[in-house]
Amino acid sequence: MKSEARYPSHIAVIMDGNGRWAKKRHMPRSVGHMEGVKTIDRIADAVFSRGIGYLTLFAFSTENWGRPASEVSGLLGLFKKYLKKNIPVLIGKNICLNILGDVSAFDEETLELVNEAYEKTHGLGGGVLNICFNYGGRAELVRAVNSLSGKTGITERDLSDALYTRGMPDPDIVIRTGGEHRISNFLLYQSAYSEIYFVDTLWPDFSGDELDKIIADYSATDRRFGKISE
Ligand code: FPP
């Protein structure tokens, strides 16, 4: 069997290491998260300018509510600020912005911004930026199974279509920055055949150059999807 085309169409990232980045500089963790937002802008530009259609970022997990209240409210505030600032910016760049996760936990203003992002950017053709916020892979699967309850003969396609990523290609590459070797409940169903890259770089330091190295490595990898090479 001939190998699949070698350029990724979807990259997903677990953005880890903001806290340690700040700690190394004797600064509060919130500064690391603010720096992490700058990296989001940089890496989104890098991904879409390389013609990669989808970028999915893990920003806040269903487990992150267990962090100290000040950090949780800081992250929620940063998220709101991110949406306010970036909806017009992304429209200008022709990028579609989706928020994936349980949005029912958001306050009214954030929910309005999430809806605004959908309404104003849905269908824009320059790329799709998914921000996973209050997202958990298991919760996503439970939600999907519940939405299919009563249906018989459920196929992989049905399940796939019941996920937040409905209609999108599975990630070719999942990157985790920050040196830990875990998937942490991220895109559990969608990452079945993803190439996984664990890098030590802390998220605020992650660069387009490092992204290019990962893409080059991915391009040289023989993805067999459970089959064998020719
Ligand atoms: C992990 O670093 C990162 C997060 C929990 C959140 C990632 C968030 C951002 C990049 C900024 C907020 C996002 C948006 C979209 C506004 P960590 O805190 O676990 O770092 P550590 O492992 O070094 O402690």
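The figures here come from the full heavy-atom set of this structure, side chains too, leaving out hydrogens, waters and symmetry mates. Everything quoted here is computed from the prediction, not taken from an experiment. Each ligand, and each atom within it, is numbered from 1 in the order the structure gives. Count residues from 1 along the sequence.
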Within-cut-off N or O pair, G19 and ligand 1, under 3.5 Å: yes
Stacked cation flag R176 on Y197, 6.0 angstrom / 45 deg: no
Closest candidate by heavy atom, reference atom 5 (C) of ligand 1, pool R67, M15, K81: R67
Pairing of R143 and D102 as salt bridge, 4.0 angstrom limit: no
Hydrophobic cluster identity match, L57 and I175, side-chain contacts under 4.5 Å: yes
Contact check: W21 vs ligand 1, nitrogen or oxygen atoms, below 3.5 angstrom: no
E112 bridged to K84 by N-O distance under 4.0 Å: no
R20: numbered ligand 1 atoms lying under 4.0 Å from its heavy atoms: 21 (P), 22 (O), 23 (O)
Where ligand 1 meets H33 - atom numbers and elements under 4.0 angstrom, heavy-atom basis: 11 (C), 18 (O)
Residues E35, K38: salt bridge by 4.0 Å N-O rule: yes
Atoms of ligand 1, numbered as shown, that sit under 4.0 Å from any heavy atom of I40: 15 (C)
Heavy-atom neighbours of R138 CZ exceed 12 at 6.0 Å: no
Lys/Arg cation over aromatic W65: R67, 6.0 Å, 45° cone: no
From V72, N18, L129, L57 - option closest to atom 10 (C) of ligand 1 by heavy atom: N18
Under 3.5 Å: N/O of Y82 near N/O of ligand 1: no
Contact atoms of ligand 1, heavy-atom distance to L78 under 4.0 Å: 16 (C)
Within-shell test, G178 vs ligand 1, heavy atom, strictly < 4.0 Å: no
Verify same cluster id: L111, L78 (apolar side-chain graph, 4.5 Å): yes
Which segment of R29 sits under 4.0 Å of ligand 1 when only heavy atoms are counted: side chain
Protein heavy-atom partner closest to atom 6 (C) of ligand 1 - residue, atom, separation in Å: A59 O, 3.0 Å
Ion pair check, D161 and R157, cut-off under 4.0 Å: yes
contact_flag K23 ligand 1 heavy-atom lt 4.0 Å: no
Contacting atoms of ligand 1, where contact means under 4.0 angstrom from a heavy atom of F79: 16 (C)
